[in-house]
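Report on the structure given below.
Because the structure is predicted, anything quoted here is derived from the model rather than measured.
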Amino acid sequence: MLTYTRNEEGLFVCPDCGATKKNQSTMHYHMKKHEEKLNHACKVCKKEFLQKQTLDLHMRSKHPDNDTKKFKCTHDNCDFTSLTKGNCIIHYLRVHYQNEINEIMLKDGNTFSCIECENEFSSSSSFYYHCKDCIQFEDDNKYTKFKAL
DNA sequence: TAGCGCCCCCTGCTGGG
DNA sequence: CCCAGCAGGGGGCGCTA
């Protein structure tokens, strides 16, 4: 089995490809990819995934049971629900903060950039997700209050 | 060092209007 | 064709063995 080492900066170094990671768990995950030990298969449809969490998400979306959790949009009179908190945040900003976002969004072809922080994003989804850091909310913590149902 | 769980963030694809 | 939403991957953090 391969083992990783630390360099003089204290970073974890992959002996296989030389990649460096500052977090030990991240390097551990990286090493597993080299060893191809990340096969998580769905018991129902046999589909395979790299990560257990991805398998869990697949199970919740394709083979839901009574315990399946969803995140609900906290905006007044909005019934939107999503399997992931991230998607719920994107929905919340895209739909309910459209005006605020339009003020800071600069679209150039398929590239979305933020005039507040000058970051660029390759998709609208990632731009909207990013906007939670650049937009002034009426209720600062509202987007963090999405409840798992 | 190894293993696990949980989370955030980003991305690409898809389906509906 | 565009956009909202879905679903998957990468990696960070914390904890325990």
Side-chain angles (χ1 to χ4, degrees), chain A residues 1-7 9-64 67-75 77-102 104-114 116-135 137 140-149:
Chain A
M1 188 195 295
L2 292 171
T3 56
Y4 40 85
T5 56
R6 283 181 188 250
N7 64 13
E9 294 172 1
L11 299 174
F12 293 91
V13 181
C14 174
D16 197 40
C17 67
T20 57
K21 305 288 175 188
K22 69 176 182 182
N23 187 277
Q24 178 252 336
S25 295
T26 307
M27 176 53 73
H28 187 69
Y29 164 80
H30 173 90
M31 299 279 287
K32 274 192 155 188
K33 282 199 297 185
H34 284 307
E35 296 172 10
E36 294 183 345
K37 283 184 178 176
L38 285 178
N39 293 325
H40 297 278
C42 173
K43 290 176 182 174
V44 181
C45 65
K46 311 297 182 193
K47 192 174 178 183
E48 293 185 336
F49 302 90
L50 283 171
Q51 298 181 338
K52 182 178 178 295
Q53 67 185 65
T54 310
L55 172 61
D56 289 340
L57 179 63
H58 164 84
M59 292 298 289
R60 285 191 285 144
S61 62
K62 303 298 182 187
H63 319 294
D67 296 329
T68 298
K69 288 182 180 175
K70 282 192 170 188
F71 293 89
K72 187 179 184 309
C73 177
T74 53
H75 196 270
N77 303 319
C78 180
D79 293 330
F80 177 84
T81 58
S82 174
L83 287 170
T84 67
K85 187 178 179 180
N87 288 341
C88 209
I89 289 171
I90 291 171
H91 155 86
Y92 183 76
L93 292 165
R94 181 142 58 186
V95 175
H96 304 303
Y97 277 83
Q98 208 169 46
N99 293 337
E100 287 83 350
I101 285 177
N102 284 341
I104 63 170
M105 181 168 73
L106 217 56
K107 191 181 177 187
D108 180 18
N110 288 326
T111 303
F112 298 81
S113 47
C114 175
E116 284 289 319
C117 61
E118 299 183 351
N119 280 334
E120 284 191 357
F121 301 89
S122 61
S123 72
S124 62
S125 295
S126 43
F127 178 80
Y128 282 109
Y129 195 89
H130 148 84
C131 280
K132 68 179 174 52
D133 298 324
C134 286
I135 279 187
F137 292 89
D140 279 348
N141 294 316
K142 200 164 186 176
Y143 75 84
T144 66
K145 291 179 181 172
F146 295 124
K147 297 266 174 56
L149 298 176

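- If you take CE of A:M105 and P of C:dC2, they are 13 Å apart, rounded to a whole angstrom.
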Kindly give the atom pairs (protein nitrogen or oxygen, nucleotide nitrogen or oxygen) under 3.5 Å for nucleotides 14-17 of chain B.
none

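- We find that NE2 of A:H96 is positioned 12 Å from C1' of C:dA4, with the value rounded to whole Å.
- Following rounding to the nearest Å, A:L93 (CG) and C:dG5 (P) show an atom-to-atom distance of 11 Å.
- Taking 4.0 angstrom as the limit, A:H58 places none of its side-chain polar atoms (N or O) nearer than this to OP1 or OP2 of C:dA7.
- Side-chain atoms of A:K72 come within 3.5 Å of backbone atoms of A:C78 as a donor-acceptor pair (strictly under, hydrogens ignored).
- Here the side chain of A:K107 is nearest to one of C:dC3, C:dG5, C:dG8, namely C:dC3.
- Taking the six-membered ring for Trp and thresholds of 30 and 60 degrees, A:H96 and A:H91 have ring planes more than 60 degrees apart, a perpendicular arrangement.
- Taking the six-membered ring for Trp and thresholds of 30 and 60 degrees, A:Y97 and A:Y92 have ring planes inclined between 30 and 60 degrees apart.
- Considering only side-chain N and O atoms, A:Q98 lies nowhere under 4.0 angstrom from the phosphate OP1 or OP2 of C:dC3.
- Between A:N102 atom CG and C:dC3 atom P there is a gap of 10 Å when expressed in whole angstrom units.
- Side-chain proximity of A:Y128 to C:dA7, C:dA4, B:dC8: nearest is C:dA4.
- Between the P atom of C:dG5 and the CZ atom of A:F71 lies a distance of 17 Å, rounded to the nearest Å.
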Considering only nitrogen or oxygen atoms on both sides, find all protein atoms under 3.5 Å from nucleotides 9-13 of chain B and state each distance.
from	atom 1	to	atom 2	distance (Å)
B:dC9	OP1	A:K132	NZ	3.4
B:dC9	OP2	A:Y129	OH	2.9
B:dC9	OP2	A:K132	NZ	2.9
B:dT11	OP2	A:S126	OG	3.2
B:dG12	OP2	A:S122	OG	3.4
B:dG12	O6	A:S125	OG	3.4

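- Judged by distance alone, the side chain of A:S82 and the main-chain N or O of A:F71 form no donor-acceptor pair under 3.5 Å.
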